[in-house]
Number of protein chains: 2
Amino acid sequence: MKGTKVIFDNDKLHYSSELMRALAHPLRLKILEFIDENQSINVNKIYSNLDIEQSITSQHLKILRMSGVLSVEVTGKWHVYYINYDVINKVEKAITRFKNKNLA
Amino acid sequence: MKGTKVIFDNDKLHYSSELMRALAHPLRLKILEFIDENQSINVNKIYSNLDIEQSITSQHLKILRMSGVLSVEVTGKWHVYYINYDVINKVEKAITRFKNKNLA
DNA sequence: CCAAGGTCTTAAAATATCAAAATAGAAAAC
DNA sequence: GTTTTCTATTTTGATATTTTAAGACCTTGG
């Protein structure tokens, strides 16, 4: 390796992998896609349209909230979720990080 | 919702989430980044440069191989790994799928 | 052939994730 | 103020992932 300095930002690696872990579930991808299609939407519409149990939906929403991918606005009874597209961009960057970096 | 048809390609959702799950670990991101920086590289150099145990490295390489993100070419003793950038592109697309689709 | 080097596999223990069901909380409707 | 509606939390059991340590499998060099 002719003295290659291998320096990695471990915090970044952990953060990136946490974001990906938050996305790495079919139901969560489904939920995200549905929210994206509807701009922002309340929980009832999510689980009734996607036919997921309320409790399970809520738990996945929590994981997405904790990771920062989703945010919620509470208006009375309704919890309206929306996507933090800047966080999505971070995930994208974490992936394009090792994408053809050295090729062309 | 005015009669919104909610159609999801479940196979695609599963495939996408599997790819993301393969990436969703700090060591695997580290390994990928290192391979990307070096175009392709054998296992010994990976674990010695990244200071990960050989066995752990091998197991994470297996996960990345199984997911399709990495491929390996065996030449004698050496196993040379390289990134399948087309698979990386698929992950990227799975993410850009819900990225500002409705905004601007 | 034998030893050494390079990598993979297996097995076990610790940890994390998941679904399911039940319960809790908070706001609105009555 | 009680009930209903909407959502979140907790708990439990099942399953999956991760690490660790040990051993197995090839290949090359002597």
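Note that these values count all heavy atoms, side chains included, but never hydrogens, waters or copies made by symmetry. Numbered from 1 within each chain, the chains take letters A, B, ... in sequence-line order.
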[N] [atom2] sits how many Å from [X] [atom1], rounded?
X     : N      : atom1 : atom2 : answer
A:N44 : C:dA28 : CG    : P     : 16 Å
B:Y47 : C:dT7  : OH    : P     : 6 Å
A:Q54 : C:dA22 : CD    : P     : 14 Å
A:L50 : C:dA19 : CG    : P     : 14 Å
A:I52 : C:dC18 : CD1   : P     : 13 Å
A:L61 : C:dA19 : CG    : P     : 13 Å
A:I31 : C:dC18 : CD1   : C1'   : 13 Å
B:R21 : C:dC18 : CZ    : C1'   : 12 Å

Can any side-chain N or O of B:S16 pair as donor or acceptor with the backbone N or O of B:L13 at less than 3.5 Å?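 It does not hold such a pair.
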Would you indicate, yes or no, if C:dA19 has its OP1 or OP2 atom less than 4.0 angstrom from a side-chain nitrogen or oxygen of A:H25?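 True: A:H25 side-chain N/O within range (under 4.0 Å) of C:dA19 OP1/OP2.
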Verify the contact: side-chain N or O of A:H60 to OP1 or OP2 of C:dC18, cut-off strictly under 4.0 Å; return yes or no.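 For C:dC18, neither OP1 nor OP2 has a side-chain N or O of A:H60 closer than 4.0 Å.
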Applying side-chain hydrogen bond (donor to acceptor under 3.5 Å, both in side chains), name anything that partners [X], two or more places apart in sequence or on another chain.
X     : value
B:D9  : none
A:N44 : none
B:S48 : none

Upstream residue (5' side of DNA chain C) when B:V43 and B:Q59 are each assigned their closest nucleotide: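 Its nearest nucleotide being more 5', the pick is B:V43.
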For A:T57, answer base if it contacts any base atom (sugar-phosphate contacts may also be present), sugar-phosphate if it contacts only those atoms, and nothing otherwise; contact means non-hydrogen atoms under 4.0 Å.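 Touches nothing.
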Which side chain to side chain donor-acceptor pair (under 3.5 Å) pairs, counting each pair once, include a residue from residues 54-64 of chain A, with sequence neighbours left out?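 Applying side chain to side chain donor-acceptor pair (under 3.5 Å) to every pair that reaches into residues 54-64 of chain A, excluding sequence neighbours, yields A:R28-A:H60.
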Do any pairs count as a side chain to side chain donor-acceptor pair (under 3.5 Å) and have a residue in residues 72-81 of chain A, sequence neighbours left out, and if so which ones? A:R65-A:Y81
Of all pairs that satisfy salt bridge (charged side-chain N to carboxylate O under 4.0 Å, His left out), the ones with a partner from residues 79-92 of chain B, not counting sequence neighbours: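 Applying salt bridge (charged side-chain N to carboxylate O under 4.0 Å, His left out) to every pair that reaches into residues 79-92 of chain B, excluding sequence neighbours, yields A:K99-B:E92.
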base_contact_polar (C:dT9 base, B:S58 side chain, donor-acceptor, <3.5 Å): no
Please give me the minimum heavy-atom distance between B:I83 and B:L32, naming the atom from each residue.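 Answer, listing the atom of B:I83 first, then B:L32: CD1-O, 3.5 Å.
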Specify the residues of residues 62-81 of chain A, ordered by number, for which at least one heavy atom lies under 4.0 angstrom from an atom of DNA chain C. A:I63, A:G76, A:K77
For chain A and DNA chain D, what are the first and last nucleotides along the strand, 5' to 3', with at least one atom under 4.0 angstrom from a heavy atom of the protein chain?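 Footprint of chain A along DNA chain D, 5' to 3': D:dT5 to D:dT11.
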According to side-chain contact (heavy atoms from CB on, under 4.5 Å), who are the partners of A:S40, at least two apart in sequence or on a separate chain?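 For A:S40 the side-chain contact (heavy atoms from CB on, under 4.5 Å) partners, ignoring immediate neighbours, are A:V80, A:Y82.
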